Structure formats: C-alpha cells, structure tokens
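In what follows, a structure is listed as structure tokens, so that the remarks can point back to it.
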Amino acid sequence: MNRNLPVNASRIAEDIVALAEITEPGHPWTRRAFSPLFLEGRAYLEARMKAAGLETRIDAAGNLIGRRTGRKPWLGTIMLGSHSDTVPDGGRFDGVAGVIAALEVARALHDQGLELDHDLEIVDFLAEEVSILGVSCIGSRGMTGQLPEAWLSRASGGLDLAGGIARVGGEPGVLGQQKRPDLAGFLELHIEQGPVLEAEREDIGIVTAISGITRIEITVEGRADHAGTTPMDRRADALVAASQLVLDIRNAAAELARTPGHFAATVGEFRIEPNAANVVPSKVVLLIDGRAEIRPDVEAFCRWLDGHVEKLATAYGVTIEAPNRVSDNLPTPSDVALLSTLETACERVGAKYRRMASGAGHDTAWIAKVAPAAMIFVPCRGGRSHCSDEWADNEDIALGAAVLFEAVREMDKDLKREKADGTHTG
C-alpha cells in the first residue's frame, strides 16, 4: 500500500510493540484489568498522551483520558478510544489498536498545526473485557451512569469492583453522579475479530450496529441409571436429548444467519450430572449465547426454541424446563450521520470499505446510549482474535487511523453546524 496518509504509521507500530512487551511472562499478550501489568501499560499510555500535548486525568469510572482543548469548547467533546486491557493470552491488538489509533489522531492534528472547534478526548476505557470480577465494559458503563450499583460489591481474589476502580485511580463513591452531557460524538477503531474484511479484500468495515447479546439457559432432566444394565430402549438419557438440542440449535442458527442481518448462536457452556462413566446422565444444563443485529431474529429464535424443547422432551422421554433468558441486551445501531461521515473519510483517504455489523460487544454500545457513536473495523489475519495468534498489519491500522483523522475533521464541521441550526439525524 503506497498512500500519503495524514498519520505516522511508524509511531503507531512503536506504541503497539511497546505495549505488547508489557505482558505476563509466558502468556503473550496478557494485561488483565486491575493487575500491576495493566497499571504499567496505563503509565506508558499516559506518558505518550502527555508527550502529545494532552492533559491527562482518570475519571470517576477509572478511565484514562487525554484531552485537547478546542477553540469553542462549549460546542462539546468529540471522543475517540477503546481499551488496553486484555483477555488471557490474547490482547496484542484487540482494543490496543483503537487506543493507539485515537492517540495518533491527536498527534497528527498537533503535528499539522490543526485546531478543532470541539474539545477532543482520547480514552482508554477500563475493563472492556470480562474481568476477574465477571463483568465487562466497566469504564464505558461507569462514564455514562450505566454501571449497576450492585456490581461495585462483586468480588474475586480479595478484590471487589469498588476497590478495583479505586486502585486504578477512579472514585467509585461518586459513580452515580457521573454523566457526560458534553459528548458530541464518539468513534472507536477496532480489529474486526472476524474473517470478512480479509476475505473480501476490503480495507475498512463501517459498523452499522453492534449485535445484541441474549443468553439462554436450558435444563434437561432425565433419570440416572446403571450404564451397564439399563436397556438402551428404557433410558431417559438427559445427555442424548441435550446433544440433539445442541445440533438443532446450530442448524436453526445457520438458517437465520442466511437472512439479512448478522445472527449467530453458540452453546458455549455444558454441564453434565452426575458426570460418571458408568451412570446414565440424569441432568444437563446448557447455556446458549445468541447474537443478533436485528431484534426480531432473536424473538423468532426464542419462539422456535420454546416449541422445539417441548418436542424433544416428548421424543426422548425427558423433562426440559422452559428456556430461561438469563441476560438480554438489545442491538445498538450506529448513528446514521456518523456512518456517512465515515464513508466520506474512507473515500478521502482512498480506502475500500463495506458496511457490516459487529457480532462482538464493544464500549461503543454503551457510549451510543448517550451520544452519537459509530465504529470502524480493520482486518485481522484469518479473523483470529482472543488468542496469541491475533494479528493485524500495521499498514491496515494506520489506514484506519487516517480514516479516523479525516472523520474527526469532518465531525468538527458537521457537529458545529448541527449545534447552530438545531438539526441532528441519529
């Protein structure tokens, strides 16, 4: 790729390499939220923010923020960012690419002597990944007043969430009062974590929506019997019925995936009782993870599931409890105006792009509930993520940063116009 980009690709690579070196020995690339290594990574980021001329602070939710004051700060804040915490053994680019690309936008504006009318903030959100406390997107929820108060008492390994937020410099006692009415718009760059962009040779994915996540628990009750003496035609084997259910869920999800809009369903947890080689299984509990860009797809899947388990129970001589939705988050559409802004930015830097949904959750989903927000994806090798093989080419990240740069300049003009005439399309 030979493009004259408004950002410094070498500087981006330098920062990503430096953060990759801050990792648990033998576990690349691991910086779990609240850990000493996470704080070391944060210290590196803060130093780089200061070197870029940004004023840094930790907000009440424990987010690291670098601020560049605009000429007309009363217009509000344009925010860019992602997260620097990782899953175990798999965080070289996931989140990190977005934080560094955002930082590079601020540096490029400084290098070129460009002032914005809006304030610009670069954010490293706290604990986007599921932390040791079992919850995720802590910083983005907390920044926008969406963190459940009950979560503050969640504890693991002698640490509760309130203590974890305080450990990184936040103020859990005032989280309930934290709001961001100044946010005029938010953008996040992220690796795709899927194979589409690479397979279709596209440079940028413009994210139309972040899929909702619905988790459904199903319990199958059979009867424990001796595995050697109970005739095959006289068993109520919970595992056999549950296994058929898993296959049927896969097939039903594949059908829905062929319709417009992203859909996926996975049985990711499977518990068997009594889990003994010589006993016919008496109980199976399974957990379904459903992801949908279009809400009616979830409802259609759940209706099918309700009816299907009744048929399976009869066919296999077991009892299957009504499926229980243990959590249910709605899809989050991107801001319509920002999607157009991102398309214009792609065209300006000569990037090939396509619109697509995100099957994974991101901090953007929480910011979008209080301000116009959107995301872009850059390709990652083989679609691999959350593993040590995760890789994104630096030239792809740099091109994504250039798109962000152009989008921020366009947002600065468009949002000012909207403020002046009172119009906004979201």
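What you are looking at is a predicted structure, and each value in this text was computed from that prediction instead of being measured. The residues of the chain are indexed from 1 along the displayed sequence.
With 3.5 Å as the limit, one finds no donor-acceptor pair spanning the side chains of T344 and E410. In the model, S153 has no side-chain atom that pairs as donor or acceptor with a side-chain atom of D160 under 3.5 Å. Side-chain contact, S282 with E273: no donor N or O sits under 3.5 Å from an acceptor N or O. Using modelled atom types, one finds no donor on one side chain facing an acceptor on the other under 3.5 Å when comparing E121 with T77. When only modelled atom types and interatomic distance are considered, D393 and W391 share a side-chain donor-acceptor pair under 3.5 Å.
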Worksheet item: Should I367 and E188 be marked as a side chain to side chain contact (heavy atoms under 4.5 Å, CB included) after you check the CA-CA gap, both sets of side-chain angles, and the distance that decides it?
Response: CA-CA 10 Å; I367 304 300; E188 179 177 8; over 6 Å; no

Using residues 89-96 as the side-chain source, report each donor-acceptor pair under 3.5 Å to any protein atom, sequence neighbours left out, with the distance given to one decimal.
residue	atom	partner	partner atom	Å
D89	OD1	H27	ND1	2.9
D94	OD1	H83	NE2	3.3
D94	OD1	H190	NE2	2.9
D94	OD2	Q193	NE2	3.2
D94	OD2	H386	NE2	2.9

All N/O donor-acceptor pairs, side-chain side in residues 231-241, below 3.5 Å, sequence neighbours left out:
residue	atom	partner	partner atom	Å
R235	NE	T230	O	3.1
R235	NH2	A227	O	2.8
R235	NH2	T230	O	3.0
D237	OD1	L239	N	2.9
D237	OD1	V240	N	3.1

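Annotation: side chain of M143 is in contact with side chain of I65 (closest heavy-atom distance under 4.5 Å). Put simply, the side chain of V220 does not reach to within 4.5 Å of the side chain of Y316, judged on heavy atoms. Using a 4.5 Å heavy-atom cutoff, the side chains of R295 and T214 are in contact. Taking the side chain as every heavy atom from C-beta outward, F34 and L126 approach each other to under 4.5 Å. Looking at heavy atoms from C-beta onward, F405 lies out of side-chain contact with E104 at the 4.5 angstrom threshold. Looking at I213 and R291, their side chains come closer than 4.5 Å, going by heavy atoms from C-beta outward. No side-chain heavy atom of T259 sits less than 4.5 Å from a side-chain heavy atom of I294. With a 4.5 Å cut-off on side-chain heavy atoms, V378 and L399 do not count as touching.
In this structure a side-chain-to-backbone donor-acceptor pair under 3.5 Å is present from N63 to G139. With hydrogens and angles disregarded, a donor-acceptor distance shorter than 3.5 Å links the side chain of R31 to the backbone of I22. Using modelled atom types, no side-chain atom of E406 and backbone atom of A345 make a donor-acceptor pair closer than 3.5 Å. Distance alone, capped at 3.5 Å, is enough to place a donor-acceptor pair between the D119 side chain and the G70 backbone. In this structure a side-chain-to-backbone donor-acceptor pair under 3.5 Å is present from S334 to V207. Distance alone, capped at 3.5 Å, is enough to place a donor-acceptor pair between the Q178 side chain and the A60 backbone. The backbone N or O of T30 sits less than 3.5 Å from a side-chain atom of T23, completing a donor-acceptor pair. Looking only at distances, a side-chain donor or acceptor of D124 sits under 3.5 Å from a matching main-chain atom of S84. Between the side chain of T314 and the backbone N or O of E310, at least one donor-acceptor pair lies under 3.5 Å. Remark: side-chain polar atoms of D412 are paired, donor with acceptor, to backbone N or O of D117 under 3.5 angstrom.
Remark: K369 NZ is packed, more than 12 non-hydrogen atoms of other residues, nucleotides or ligands lying under 6.0 Å away. Environment of CZ in R325: crowded, with over 12 heavy atoms of neighbouring residues, nucleotides or ligands closer than 6.0 Å. Crowding of E149 atom CD: a count of heavy atoms from other residues, nucleotides or ligands under 6.0 Å not exceeding 12.
The distance from the OG1 atom of T266 to the CZ atom of R250 is 10.0 Å, given to the nearest 0.5 Å. In this structure, OH in Y44 is found 11.5 Å from CE in M49, a value given to the nearest 0.5 Å. Taken from CH2 in W304 to CG in D248, the straight-line distance is 5.5 Å, to the nearest 0.5 Å. We find the CD-OG1 distance between E128 and T364 to be 9.0 Å, quoted to the nearest 0.5 Å. Summarising the geometry, atom CZ belonging to R68 is positioned 8.0 Å from atom CG belonging to L54; distances are rounded to the nearest 0.5 Å. Here R67 contributes atom CZ and M79 contributes atom CE; the two are 8.5 Å apart, rounded to the nearest 0.5 Å.
A salt bridge between D59 and R57 is absent, with no side-chain N of the basic residue lying under 4.0 Å from a carboxylate O of the acidic one. Salt bridge R215/E269: absent, no basic N to carboxylate O contact under 4.0 Å. Between D85 and R42, no side-chain nitrogen of the basic residue sits less than 4.0 Å from a carboxylate oxygen of the acidic one, so the salt-bridge criterion is not met. Between R107 and D15 there is a salt bridge, since at least one side-chain N of the basic residue sits less than 4.0 Å from a carboxylate O of the acidic one. Under the 4.0 Å criterion applied to side-chain N and carboxylate O atoms, R32 and E24 are not assigned as salt-bridge partners. For the pair R354 and E202, the salt-bridge criterion is not met [side-chain N within less than 4.0 Å of a carboxylate O]. Ion pairing of R384 with E198 is absent here, as no side-chain N (NZ or NE/NH1/NH2) approaches a carboxylate O to less than 4.0 Å.
Evaluated for a side chain to side chain contact (heavy atoms under 4.5 Å, CB included) with V267, the options L287, I218, I249 yield exactly one hit, I249.
Here the closest heavy-atom approach between residue A392 and residue I191 is recorded as CB-CG2, 3.9 Å. The shortest heavy-atom contact between G142 and L175 is O-CD2, 3.8 Å. Considering every non-hydrogen atom in both A265 and I288, the closest pair reads CB-CG2, 4.4 Å. The shortest non-hydrogen separation linking T332 to A368 is CG2-CB, 3.5 Å. For the residue pair V279 and P274, the shortest heavy atom distance occurs at CG1-CG, 3.5 Å. Taking each heavy atom of D297 and A292 in turn, the nearest pair found is CB-CB, 4.4 Å.
Using bins of under 30°, 30° to 60° and over 60° for the plane-to-plane angle, the ring pair F125/F186 lands in the perpendicular bin.
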